[in-house]
Amino acid sequence: MRVLVLAGFLGSGKTTVALQIARAAQAAGQRVALIVNERGEAGVDNQLVARLGFDVRELLGGCICCSLVAELAPALEALAATTRPDLVIVEPSGIAEPAQIRAALRFARVPGLDMRSVSVVDAQRIGELMEVVTPLLTKQMAHADLAVVCKADIASTPQTEAACRIVGEHAPQTDPYVIDAREPLDGALRMALLGRCTRW
Amino acid sequence: MSAQYAERLDLIRRTIAMETVERVPSIFMGTAFAPRYMGGTIARFCNDMEYAFQVQLDAMDRLGYIDGANIASGGRIGPILSALWLSRVAVPGIELPEDTLWQVMEAEVMTQADYDVVLEKGWKAFVHDYLPRVVDLGLLGETFAWMGQNGARIQRSYVERGYVVITDAKMAPTPPFEALCGARSMQKFFLDLLRIPKKVEAVMEVIMKDVMADIEALPPWKGPGIGGTWVGGWRGAPGLLAPRHFDRFVWPYIVEMVCALVAKGYTPVLHFDQDWNRELGRLNELPPARCIFNPDGMTSMKTFREVAGDSMAMLGDVPSVLLSTGTPEAVADYTRNLLALFGNRGLLFAGGCDMPINARVENVERMLQVLREHNERRH
């Protein structure tokens, strides 16, 4: 089972990116499930997501600090036992860290579990957020396999360039993809996320 | 007070006082675990106040090898958390399916304009007007009335069954950072720290005036019991917040509150979720052997022992994720390592934060079995 975890601060655009990835995967003939923490942050209505034809499961986790890692493995195990999707897109809480999630999944009883993480960065706010939430955002970027700079359509050019520089500094392992998440993913990003590549 | 209760109370007090003890005490922290373990639902736990009280005690009896609990449950957890954390809380059986955990809704409820309201009217007056935005006042009132009527009975029940409740004092002061972040949401509040720091600071001072007055009004703690008071710190955890903001907006207030509580004889239970590794040395600024560090599996216990392990006892810290997804042997290994790290000094053994709703029973039992083996070997 391929698992794609979207790591990014609250309001960074994770849900919108998740839906675009789901649409692209579905168009490529893949069975897709989404695991989201809808109520922990304002997000897309789960019923809307279900109407789009995706299998969606909700993670509920008490307080915001509980980044839902204890619930994730059982949710994946349930999917592996029932609908067996080709791809599971996980949108954990905005303070979840990829390394923490990876460690939490080491006991998951899911055959062929292969996790990758995508850092979702808000072009408009990342500059300010890096001044405050430095430790968290640094960890989210440092452990990402791929980075996406969102909201390029509403951010200014200097903001987007600054966001790319920040990603370059903290996630040197990947070149960021700059996107307007309301638009379908372009070919290069689709390939990086879904296609055959050495990273997956 | 039975001999068993007296022995356990003495053991836990000496552990908090950082003495080397003859056995490591075992503490139940599993508010969310208890209902399912006893065949009930979380919805019933959240909405049936008497059941919420009884089910934890029954779970402790059934598990066995337990000396006490971090808190005594009872009442309706949703309204209580909303009143404490100033956020809406979605509750199973009402907004959520029957057997899921409750969920704090991370959304802006307090607006930026409300800062000026606090400055003008004061914090308590603001909260009085604010609370209807996050909680049904009728439910909250009923909950507090029930807890007032039944608090003594609840405490007595624990004593009669031989269990020590650690967080047994009535007050749970909320640090200003946690209150404002809960009300504003992380998204908004973290940017407030950057964009309007002086205003945030001014509001924090107003909040602290009330918090410190409430602590001052507390009677000195003379027992019986531990006198534990919950002091929360997770939104302002060092794992989230840059050092200069932690230094300015979080730590000084926690120090002031904790020192005032200790001066009155209370035992602050520092419920510090998230990653506190960077600032563990700060714990040495607090009165030694008078507080309890209560993490959630994200802080390194090795680093805690090295840096602050002589300053205070630790309540925990078998991680939730290990209890819910690990194997019994992985849990056993972790438990043995934790016991080896602490020895018989400064450890109040428990699951980290709160045992999760989906903790595997075989893992919880294995954890307690390893603790028992450790204690019996030492004896």
Side-chain angles (χ1 to χ4, degrees), chain A residues 8-12 37-43 46 57-78 93-97 99-110 122 124-140, chain B residues 31-32 81 85 87-90 92 95-97 100-108 181-182 185-195 232 234-235 237-246 273-275 278 296-298 319-327 330 353-354 356-359:
Chain A
F9 193 62
L10 294 83
S12 58
N37 174 225
E38 183 205 357
R39 292 167 216 263
E41 305 169 35
N46 282 354
R57 309 291 167 103
E58 187 172 14
L59 290 184
L60 294 155
C63 72
I64 187 69
C65 65
C66 302
S67 49
L68 310 166
V69 289
E71 298 265 318
L72 183 54
L76 291 172
E77 287 168 5
S93 92
I95 63 168
E97 300 165 28
Q100 184 195 14
I101 292 175
R102 201 178 293 277
L105 291 183
R106 71 189 187 280
F107 295 113
R109 295 158 177 78
V110 176
D122 178 344
Q124 270 195 311
R125 295 184 311 153
I126 186 65
E128 282 187 295
L129 287 172
M130 275 301 283
E131 300 230 14
V132 184
V133 208
T134 328
L136 172 68
L137 298 181
T138 302
K139 281 181 277 191
Q140 286 181 341
Chain B
T31 318
L81 293 181
W85 297 345
S87 304
R88 290 189 203 99
V89 176
E95 295 95 350
L96 298 175
T100 56
L101 194 58
W102 53 88
Q103 173 73 59
V104 170
M105 315 273 281
E106 193 67 15
E108 177 188 17
C181 190
S185 81
M186 276 189 178
Q187 274 202 62
K188 298 294 184 186
F189 186 65
F190 283 171
L191 291 178
D192 290 346
L193 300 183
L194 199 62
R195 293 174 181 169
W234 51 87
R235 291 168 176 277
L240 301 179
L241 211 54
R244 66 185 174 101
H245 298 294
F246 180 84
D273 285 339
Q274 248 281 338
D275 175 352
R278 190 186 76 216
D296 71 343
M298 283 191 71
S320 303
V321 69
L322 197 56
L323 292 172
S324 65
T325 66
T327 62
C353 177
D354 201 44
I357 186 176
N358 59 353

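Quick note on labels: first sequence line is chain A, next is B, and so on, each numbered from 1.
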- Correct closest heavy-atom pair for B/Thr100 and B/Pro92 would be O-CG, 3.2 Å
- Task: Examine whether an atom of B/Leu322 lies under 4.5 Å from a heavy atom of chain A, and if so say whether it belongs to the side chain, the backbone or both; otherwise answer neither.
- Result: side chain
- Item | Check: A/Glu128 side chain, B/Leu191 main-chain N or O, donor-acceptor pair, under 3.5 Å | no
- Examine whether an atom of B/Ala330 lies under 4.5 Å from a heavy atom of chain A, and if so say whether it belongs to the side chain, the backbone or both; otherwise answer neither. side chain
- Item | chain A contact via B/Pro319 - side chain, backbone, both or neither, heavy atoms under 4.5 Å | neither
- In terms of heavy-atom pairs under 4.5 Å with chain B, which of A/Met130, A/Arg125, A/Glu77 leads? A/Arg125
- In terms of heavy-atom proximity below 4.5 Å to chain A, should B/Arg195 be classed as side chain, backbone, both, or neither? side chain
- Item | B/Asp275, part contacting chain A, at a heavy-atom distance under 4.5 Å | side chain
- Might you work through the side-chain contact (heavy atoms from CB on, under 4.5 Å) test for B/Glu95 and B/Gln103, ending with a clear yes or no? CA-CA 10 Å; B/Glu95 295 95 350; B/Gln103 173 73 59; over 6 Å; no
- Note on the structure: Shortest non-hydrogen pair, B/Trp102 vs B/Thr31, comes out as CH2-CG2, 4.4 Å
- Item | Contact origin within B/Leu323 toward chain A - heavy atom pairs under 4.5 Å | neither
- Message: Which label fits A/Phe9 and B/Phe190: parallel for a plane angle under 30°, tilted from 30 to 60°, or perpendicular past 60°?
- Response: parallel
- Query: Does any heavy atom of chain A fall under 4.5 Å from the side chain of B/Leu193, the backbone, both, or neither of them?
  - Reply: side chain
- Message: If we ignore hydrogens and angles and just use 3.5 Å, is the side chain of A/Glu71 paired with the main-chain N or O of B/Ile357 as donor and acceptor?
- Response: no
- Query: Got a salt bridge between B/Lys188 and B/Glu106, using NZ or NE/NH1/NH2 to carboxylate O under 4.0 Å?
  - Reply: no
- Who wins among A/Thr134, A/Val133, A/Leu129 for the most heavy-atom pairs under 4.5 Å with chain B? A/Val133
